[in-house]
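The structure appears right after this line, and notes come after that.
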Amino acid sequence: MPPSAKTERDEEFSHGGFPNINASRRQQAPPKLKKSVPHYRHLVRWSSNQVPESLEEQQMNQDLVILRRALDLFLNSQMAEAEAILARGPVPVGTNPSPEESYSTTAAQKAQEAFVSQDKKQSVQLKPQEETTETDDLSSLASSVPSSSNKPVNGKTPSSSSSSSDDGKKSKKDSEPTAMYYELGKAIIQGLRALVTFDPYEIEAGMKAFEKAIKVSNKQRKGSMMGLGSVKAVGSFVVGTIGAGSFRSMNRVQKHAELIYAEATILRSLLSVLYHLDVWMVIEECINLRHAFTIIQGLKSFMDSVESELRAGKNIDHHQIDEHIVSGVTLSYSLYNIVISFLPDFIVKMLQLIGFPSDRDWGMAMLAACGDWDPMAPPESTQEHVERLASSANDGVRRQFCDMVPIIFQVIVSSFIPMNHVDLNYAQMINDYNLELYPESPFFLFLKGRHLQVTSKLDEAITIYHSVKVEEPRWHQLSHIFVFEEMMCAMMQADHHTACEKSRQLLKESRWSKCAFRYLTAITGYERGEQSEKKKIDSLMSKVEDGMQKVAGMHLFFETFCARKSKRFIKEGHLLLPSYDFMLLWNTFDMMPPKVLAKALDNISAEVRRLQALLPAKMLERESQPLAAKDQTIEAATGGYLSGLWSNKGAIERDSKVKNYENFYDDYCLAFFLQGLVAYHLAFFPEDPFNREMCELALESFQTVFRYAPFIKDDTYTYYFSHYYKAKIWIQQGRLDEAQARFKYLLGLSNTNMLGLPALVGGKGRNSLELFVLLKVHSGLIEIDTARATANGTESLRDGSVRSGSIRSGKY
């Protein structure tokens, strides 16, 4: 170790401040919210026993019950049965299905009956539960349709059409039985299949399905709201939102139509961006998203006003708010808040100017209130658990999606982008509840595996992934999610044989990213070191770039990364630690248990020693010179360490060259960065004692990256990430001002096309992971703000307002 590194290390530790025991990243206290969270679940006043006001409402009630059954089947891995229900189309009110069209008991009902049986054994007094059988016909299944469903309603006889019309004069096409919830259900399934397969034909079919849902729901909207196309959308972009008063005069069906119209518009826009791959299309769809948001915000304003009436003791029954509206508005409005909050500050501020919200913590709390979840509450008793299952507020057709969102952000998003207030135990509680309802669900089983993976239980996660079998042929691509995670776990454990097998399976069967899967198949085969596979590896590497694709007019950052690495391999015939290098994109080092991290450190350190032996002697002599400035930025390095870069450029380039190794310093900095990264995670592994030795190694490794960064030609991300993780160490140490300055420095260098990196002697200033860096730095700045608030005593546990009105405390 050079004397300068020792001096710099001593200076770093002179500040002190490191904890004796590392904090837990598994469970963090919830935030203090800036505003109260609405409890829309307590606004549900519509009863399934009420006589519908119109034929349209009667038909919609029946459709919702059948759709709820289809959704239960779909979530419980019975995709074909669910699609068959939707393919048959809406059944006109009063028409009984044939025996083969009867529907099985829902997973939720089975779970409820199981708990009732359990409670009886424990002598807990509960209300008797109604039994349902698989031979129930549609009239007994659709409990939302009262016994008078076959009688005239408002002087009319039941009709097979669910579309509203005032004059009764309809063409044959208009009189065909169509139902907006059927169309939305079919569109969502088709849209999910499009995302799973990434097939352009499936994406186009999904767009058409959502267009049909928009068309059908538009027919049932209130007359004054119909026809809001692109022109009106542009107007709403400027004017603002639709007021709550507009929804007060709507009947129940019209409110549902507004919600479905907005949801279908949002989902169609997302598929359109994937399909057209054009920047201008993104702009057009942003206008559509803004228009959809005006509807969602209007519905929220309406429900806020109804909640105010309830708090004032007024009767709200006439508003006829049901659990489906509650879950729909909650899901859409909270997602707007959550997704926008991840964008860079300047984009968030621009969006806020035109009315978009951005409050991640509040959005998460809103979803929790929909499910009556509280991360700080003690475990539920059996009685409370059965009450949760029996609550009609949990029956909304979007209810499970409200649960999925916080789980996804806790166990997936937080592993890519650092987030505050992560509570993996809370995510597990919600997921376990849903697994009781849907024990065969590939979606909730995948989330269970991810929870085990992010808590460093890799072997248990692999067992879960391997156990899931998606039998439906049309949904076979869904199983590739599990295959991919198995592959990543194998790469973490340096099991190159398994990783190679899984990557080959993905390359053969999956359509997600041929570019990435060719590269993964090549590097896992390369890591195995079998000479017989060399020609195949060379062939795959030569085809990596051909598999690149664009989304919203831009290449995916991980595909750009793979393409550049494949070019390097073709040019030089080798890559340095390609598996660990790729795992940086998936942030898997954060998931590795200590034993796996120690093994990774041994593998990386061996490469570090090999590369150190190749370092030119004159460059070793220069290591005794300290870096010029405390921040060790590239600019400071060129002024001090290189002693006048431009005047001595020729001598420096001559001294630094390594024979037959053009990108030597790219690999040299990569090896030291990976060594520092693994050492960082060992030093601060959650709930373990702080490891000073590993922290010292991390700092020394990052210092080496700073020293040789001016010689990097392509892999500038090692320089960026070294700064990022050094700032993370400073946060652990309580040096928040210095960490913030380092993050802002990174933000200033992120767009290399505009600002350039003149200190890169032979490089191009390219950074294929620029977006990844921006997201991490943005979250790092939020982490600093939270740490300051905690130090000042302004960040505390959430107050009881979020918990008020829960199942345990009753309604308002």
Side-chain angles (χ1 to χ4, degrees), residues 40 43-68 89-94 142-146 148-149 152-168 170 174-187 212-228 242 244-265 292 295-296 298-299 302-303 306 316-329 332 392 395-398:
Y40 296 149
L43 304 182
V44 175
R45 290 295 185 273
W46 174 80
S47 171
S48 61
N49 296 321
Q50 289 178 231
V51 177
E53 294 181 356
S54 64
L55 292 175
E56 289 80 7
E57 184 177 357
Q58 192 174 356
Q59 182 73 54
M60 186 180 74
N61 293 344
Q62 179 170 282
D63 295 341
L64 279 167
V65 172
I66 299 174
L67 180 61
R68 177 71 257 182
V91 180
V93 173
S143 59
S144 63
V145 182
S148 59
S149 61
V153 179
N154 294 340
K156 300 179 183 179
T157 26
S159 167
S160 64
S161 175
S162 63
S163 61
S164 59
S165 176
D166 295 328
D167 55 9
K170 303 176 183 178
D174 289 338
S175 63
E176 294 176 359
T178 57
M180 54 187 177
Y181 268 107
Y182 268 84
E183 299 304 331
L184 181 66
K186 288 190 286 187
K212 187 172 183 181
I214 291 171
K215 182 178 179 180
V216 172
S217 61
N218 193 46
K219 288 182 179 180
Q220 297 190 252
R221 299 169 72 198
K222 191 176 180 180
S224 60
M225 303 291 289
M226 292 175 62
L228 286 176
I242 302 171
S246 300
F247 295 95
R248 286 182 173 276
S249 59
M250 294 182 190
N251 61 37
R252 182 166 162 262
V253 174
Q254 290 169 340
K255 293 187 185 79
H256 277 269
E258 291 295 328
L259 178 60
I260 292 175
Y261 182 87
E263 290 174 327
T265 299
I295 298 174
I296 298 297
L299 280 166
F302 162 69
M303 294 177 70
V306 175
I316 63 170
D317 292 355
H318 61 284
H319 292 298
Q320 291 189 312
I321 295 176
D322 59 35
E323 63 272 18
H324 308 291
I325 283 282
V326 166
S327 60
V329 174
S332 297
S392 62
D395 293 336
V397 292
R398 304 160 183 88

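As the structure is a prediction and not an experimental result, all values here were calculated from the model. Reckoned from all heavy atoms, side chains included, excluding hydrogens, waters and symmetry mates.
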Once rounded to the nearest 0.5 Å, what's the spacing between atom [atom1] of [X] and atom [atom2] of [Y]?
X	Y	atom1	atom2	value
Leu299	Ile321	CG	CD1	9.5 Å
Glu56	Gln220	CD	CD	7.0 Å
Ser332	Leu259	OG	CG	6.0 Å
Tyr181	Ile66	OH	CD1	14.5 Å
Lys212	Asn218	NZ	CG	15.0 Å
Met180	Lys219	CE	NZ	13.0 Å

Task: side-chain contact (heavy atoms from CB on, under 4.5 Å) partner of His324, chosen from Leu67, Val329, Leu64 - done: Leu64

Task: Reference residue Ile325; test side-chain contact (heavy atoms from CB on, under 4.5 Å); the match among Gln320, Glu258, Lys255 - done: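 So, applying the side-chain contact (heavy atoms from CB on, under 4.5 Å) to Ile325 and each of Gln320, Glu258, Lys255, only Lys255 qualifies.
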
Open item on the list: For Phe302 and Phe247, take the angle between the two ring planes, folded into 0 to 90°, and tell me which bin it lands in: parallel under 30, tilted 30 to 60, perpendicular over 60.
Closed with: tilted

For a quick test of reading the model, state the closest non-hydrogen atom pair linking [X] to [Y] and the distance between them.
X	Y	answer
Ala179	Val216	C-CG1, 4.0 Å
Arg398	Leu184	NH2-CD2, 4.1 Å
Ser217	Ala257	O-CB, 3.5 Å
Pro90	Pro92	O-CD, 3.7 Å

Task: Main-chain N/O of Gln254 paired with Arg221 side-chain donor or acceptor, under 3.5 Å - done: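 Checked: no pair found.
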
TODO: Check for a donor-acceptor pair, side chain of Gln62 on one end and backbone N or O of Glu57 on the other, with a separation under 3.5 Å.
DONE: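 No, because the side chain of Gln62 does not come within donor-acceptor range (under 3.5 Å) of the backbone of Glu57.
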
Task: Test item: Gln58 and Leu55 side chains (from C-beta on) under 4.5 Å apart, heavy atoms - done: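 When only atoms from C-beta onward are counted, Leu55 and Gln58 do touch, with a gap below 4.5 Å.
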
Open item on the list: Looking at Lys186 and Glu183, is any side-chain nitrogen of the basic one under 4.0 Å from a carboxylate oxygen of the acidic one?
Closed with: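 Yes, this pair counts.
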
- [ ] Kindly determine whether His256 and Asp322 satisfy side chain to side chain contact (heavy atoms under 4.5 Å, CB included), including the steps that lead there.
- [x] CA-CA 10 Å; His256 277 269; Asp322 59 35; 2.7 Å; yes

